[in-house]
Novice: 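Have a look at this one before I ask anything.
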2 protein chains.
Amino acid sequence: MKMSKKQSLKSGFEVQIELSAALVAIEGDSPRIMLLRDQAPAAKGAVGAGLPSGPFDAVNDRTLEEGLRRWVAQQSGIPLGYVEQLYTFGDRFRDPLERRGGPRPVSVGYLALVRQSDLRARDAEVWSDWYRHFPWEDWRTGPPATLDSVLAPALKAWVDSSGERSDRIRRKDRADTTFGWNGATWDNERVLERYELLYEAGLVAEAAADGRFTPDERTQLIFAITGAAMMKDHRRILATVMGRLRGKIKYRPVIFELMPPTFTLFQLQQAIEALAGTLLHKQNFRRLVAHEGLVEPTGQVQTLTGGRPAELFQFRRDVIRERPAPGVRLPVRRGAGRSQL
Amino acid sequence: MKMSKKQSLKSGFEVQIELSAALVAIEGDSPRIMLLRDQAPAAKGAVGAGLPSGPFDAVNDRTLEEGLRRWVAQQSGIPLGYVEQLYTFGDRFRDPLERRGGPRPVSVGYLALVRQSDLRARDAEVWSDWYRHFPWEDWRTGPPATLDSVLAPALKAWVDSSGERSDRIRRKDRADTTFGWNGATWDNERVLERYELLYEAGLVAEAAADGRFTPDERTQLIFAITGAAMMKDHRRILATVMGRLRGKIKYRPVIFELMPPTFTLFQLQQAIEALAGTLLHKQNFRRLVAHEGLVEPTGQVQTLTGGRPAELFQFRRDVIRERPAPGVRLPVRRGAGRSQL
DNA sequence: CCGTTTATGCTAAGTTTGAGCATAATAGGG
DNA sequence: CCCTATTATGCTCAAACTTAGCATAAACGG
């Protein structure tokens with residue numbers, strides 16, 4: 001059973017692990033993600049911007065996370081605080097380079113939260129609103145326009161394009177449940193499922209880049225909505241980040257990793273709304289937060305908004321001790337919309 | 001920046017990925033985990049039983065999960081249904097073999113749920129109750145005895161063993177919050193945190209095996225409670241599984257992956273209690289499940305318990321469509337205990 | 001000083017949860 | 001065949017929590 005190094009190499013047991021981090025920050029009501037500009041000449045096959053990333057060094061890195069921090073520090077200069085491992089992707093052919101003889105990628109995706117104050121973009125970096133890459137995930141101003149007008153018909157075409165009847169039913173069912181059509185509910189955590197569906201349907205630019213599709217006029221139009229391609233599987237990692245973060249704020253106080261030391265309750269609310277992609281009832285949110293004892297007043301006030309000055313609060317560090325799952329339970333506002341496919 | 005294959009090998013960028021699966025099943029009120037008996041001669045350095053696992057084959061496996069299924073099928077003959085990736089571990093020296101020149105391990109842990117009916121143990125396999133390996137996690141008959149009598153004093157010794165005062169405070173705080181002592185609450189999901197703490201404190205057999213401790217009389221005693229060592233980092237994966245599963249049943253109907261096609265409500269309750277490690281209020285559980293619409297009656301009854309016959313139910317497949325997070329919200333019973341450290 | 005804007009307080013009505021009492025339907029023993 | 005133990009199921013009450021608004025407070029700009 002045991003193999004020499006040579007043999008194992010030949011049979012493909014050795015791979016390179018790529019560590020990627022999605023750095024998330026919030027500016028006002030905008031959830032931001034850090035992207036490194038596309039620096040490789042287009043001819044080389046690299047497409048789009050990408051997350052900070054680099055290979056895991058088994059000799060020098062004590063842990064995977066240590067390696068990740070090293071790469072991020074090197075590429076962005078941003079010191080990381082909260083870091084969480086998300087998922088390990090090893091699917092074949094997610095990186096178009098692989099078809100041209102590149103190595104088989106196995107990538108470990110991380111989520112890192114960056115406080116607004118630590119935020120400084122240098123030349124090679126962009127902090128872009130994550131809804132630019134996932135416009136259908138933002139429900140703060142009601143059901144996203146492109147959801148029904150563009151994605152629904154495009155997915156309907158994908159459903160109908162299958163030869164088998166049973167397969168068409170499966171596809172339709174899947175589209176309905178992930179996008180909340182025809183009686184199903186929109187679940188704001190299923191970001192990855194929605195992305196994967198669009199990928200399979202060839203409706204995101206990466207799917208075209210991976211060689212299965214030649215982008216025609218119709219898909220070009222759709223790409224305009226689903227956004228420009230990102231490097232490798234980085235948009236998939238981003239989708240994972242969004243879903244995970246949306247789930248996590250509900251039961252762990254991670255939101256405070258994104259807030260400045262002191263903040264008004266409305267700023268806190270806006271930050272949560274930014275991540276969740278939905279709006280909250282202001283008075284109830286305030287009662288919830290106060291009641292949960294997650295924050296405490298500092299006594300100071302802030303007079304920036306033109307209205308009555310808001311009291312400044314800070315996070316109570318010791319809450320973690322007290323209750324098992326101190327998060328911000330999201331009361332949802334009325335008026336979820338749905339459409340037909 | 002680019003390196004030839006030779007260079008990258010030298011600098012340690014290529015590693016082997018090990019895929020491991022924790023197969024979970026439930027028998028009555030006992031949550032089971034599948035272990036392969038320790039088959040290597042002790043002299044070789046392998047210690048304890050382990051999870052089914054094997055290296056990822058980048059040439060032949062299309063995805064990581066595919067490789068995992070192949071290994072499990074090969075080693076146990078059990079066909080896997082529900083499979084979920086948990087975490088990727090890459091810490092140095094978690095496997096004692098590594099110190100003796102073995103390869104740097106990077107392992108991707110998976111959770112797989114097996115239906116009782118698919119359960120069949122062959123010679124090399126054991127389905128063991130997971131609380132045998134984590135006795136302090138079972139609160140169904142009240143606070144675990146060994147928690148206060150054995151773990152508390154042992155952890156107190158670990159706290160006091162630090163030379164620095166600030167470090168002692170940090171250690172005490174960490175012990176309190178993860179084990180729910182001194183006013184903190186027991187969180188049944190923090191299985192991994194508790195295991196990691198015991199590992200760091202040298203209180204689990206794996207920590208001794210990794211060479212940092214020579215087990216003396218005292219630790220021998222503790223190992224009797226914390227359980228025999230498992231191979232590599234497999235008990236850590238198991239801890240991750242327990243925590244993840246305890247969290248997941250609350251918001252996704254994964255429990256049904258473990259149940260037979262039809263079941264009584266009390267069987268369902270016992271299954272959930274088995275995973276959660278806590279007891280539920282029977283009448284309220286029934287109301288909850290009925291109200292959530294997760295199950296539907298089959299019309300049949302079961303007369304096995306000696307009391308009134310129980311109606312048999314089945315899972316309603318279509319619930320996933322309807323609501324965003326159909327899980328079994330766990331009402332907790334009174335009487336959480338705590339102790340002093 | 002007045003209208004506008006944002007922050008904050010408060011309450012009525014509806015829903016969910018925690019706990020326990022009461023009843024129903026079986027088995028087994030006398 | 002009746003009585004008791006045992007498990008299943010139905011129901012209710014009070015407490016806690018949510019939802020949705022109304023109402024008031026405290027700033028700003030004319």
Side-chain angles (χ1 to χ4, degrees), chain A residues 28-29 185 250-251 262-273 276 278-314 322-336, chain B residues 28-29 139 185 250-251 262-273 276 278-314 323-336:
Chain A
D29 63 353
T185 339
K250 286 174 193 159
Y251 60 94
T262 67
F263 45 82
T264 70
L265 292 184
F266 188 57
Q267 284 167 350
L268 181 64
Q269 178 179 348
Q270 279 192 309
I272 290 177
E273 289 174 339
T278 51
L279 293 181
L280 306 176
H281 183 281
K282 195 166 178 175
Q283 296 95 319
N284 290 346
F285 174 79
R286 139 184 306 273
R287 177 184 57 191
L288 179 77
V289 178
H291 188 272
E292 296 271 322
L294 291 174
V295 298
E296 58 193 6
T298 62
Q300 303 160 287
V301 290
Q302 193 182 64
T303 336
L304 291 173
T305 46
R308 171 174 171 176
E311 193 163 7
L312 285 166
F313 288 79
Q314 63 193 15
E322 299 168 10
R323 271 153 324 97
V328 180
R329 266 170 296 150
L330 303 182
V332 208
R333 268 246 279 235
R334 300 293 173 202
Chain B
D29 62 354
W139 286 63
T185 339
K250 287 173 192 160
Y251 60 96
T262 67
F263 45 83
T264 70
L265 292 185
F266 189 56
Q267 285 167 350
L268 182 64
Q269 179 179 346
Q270 278 192 310
I272 289 177
E273 288 174 341
T278 51
L279 292 181
L280 305 177
H281 184 281
K282 196 165 176 173
Q283 294 95 317
N284 290 347
F285 174 78
R286 143 183 303 275
R287 176 181 59 187
L288 178 77
V289 178
H291 189 270
E292 296 272 319
L294 290 174
V295 299
E296 59 192 5
T298 62
Q300 302 162 289
V301 291
Q302 192 184 61
T303 335
L304 290 174
T305 46
R308 172 174 171 176
E311 193 163 8
L312 285 167
F313 288 79
Q314 63 193 15
R323 269 154 322 97
V328 181
R329 266 170 294 152
L330 303 182
V332 207
R333 269 245 280 236
R334 299 294 172 205

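So you know, we letter chains A, B, ... as the sequences are listed, proteins then strands, and number each from 1.
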Novice: Tell me the interatomic distance from A:Leu268, atom CG, to C:dT6, atom C1', rounded to whole angstroms.
Specialist: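 Between C1' of C:dT6 and CG of A:Leu268: 17 Å.
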Novice: Counting only side-chain nitrogens and oxygens, does A:Lys282 get under 4.0 Å of the OP1 or OP2 atom of C:dA7?
Specialist: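 So the side-chain polar atoms of A:Lys282 do come within 4.0 Å of the phosphate oxygens OP1 or OP2 of C:dA7, strictly under.
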Novice: Is A:His281 close enough to D:dT18 that one of its side-chain N or O atoms is under 4.0 Å from OP1 or OP2 there?
Specialist: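 For D:dT18, OP1/OP2 do not have a side-chain N/O of A:His281 under 4.0 Å.
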Novice: Output the rounded distance in Å from NE2 (B:His291) to P (D:dC11).
Specialist: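 The answer, rounded to whole Å, is 15 Å.
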Novice: Taking OP1 and OP2 of D:dT6, is either one under 4.0 Å from a side-chain nitrogen or oxygen of B:Arg308?
Specialist: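 It does not, given that no N or O in the side chain of B:Arg308 lies less than 4.0 Å from OP1 or OP2 of D:dT6.
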Novice: Measure from CG on B:Leu312 to C1' on D:dT9 and round the result to the nearest Å.
Specialist: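 After rounding, the reported distance stands at 15 Å.
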Novice: When all nucleic acid strands are considered with a 4.0 Å heavy-atom cut-off, which category describes B:Gln283: base, sugar-phosphate, or nothing?
Specialist: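 Base, at least one base heavy atom under 4.0 Å.
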Novice: When you get a sec, tell me which of D:dG21, C:dT26, C:dG18 is the closest nucleotide to the side chain of B:Thr303?
Specialist: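 It is C:dT26.
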Novice: Let's see if you can work this out: which of D:dC13, C:dA7, D:dA8 has an atom nearest to the side-chain heavy atoms of B:Arg287?
Specialist: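 Comparing D:dC13, C:dA7, D:dA8 against the side chain of B:Arg287, the answer is D:dC13.
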Novice: Applying the side chain to side chain contact (heavy atoms under 4.5 Å, CB included) test to A:Leu312, which of A:Val301, A:Val295, A:Thr262 qualifies?
Specialist: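 Exactly one pass, corresponding to A:Thr262.
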Novice: Give the nucleotide from the list C:dG9, D:dA26, D:dT9 with an atom nearest to the side chain of A:Pro309.
Specialist: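 It is D:dA26.
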Novice: Starting at the 5' end of DNA chain D and moving along, which residue's nearest nucleotide shows up first, B:Gly306 or B:Phe313?
Specialist: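 Looking at DNA chain D, the more 5' nearest nucleotide goes with B:Gly306.
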Novice: Rounded to whole angstroms, how far apart are CD on A:Glu311 and P on D:dA27?
Specialist: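 That distance rounds to 12 Å.
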Novice: Quickly work out the B:Gln302 CD to D:dT6 P distance and round it to whole Å.
Specialist: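 Result: 19 Å.
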Novice: Round to a whole Å and report the spacing from CZ of B:Arg286 to C1' of C:dG20.
Specialist: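 My rounded result for the distance is 16 Å.
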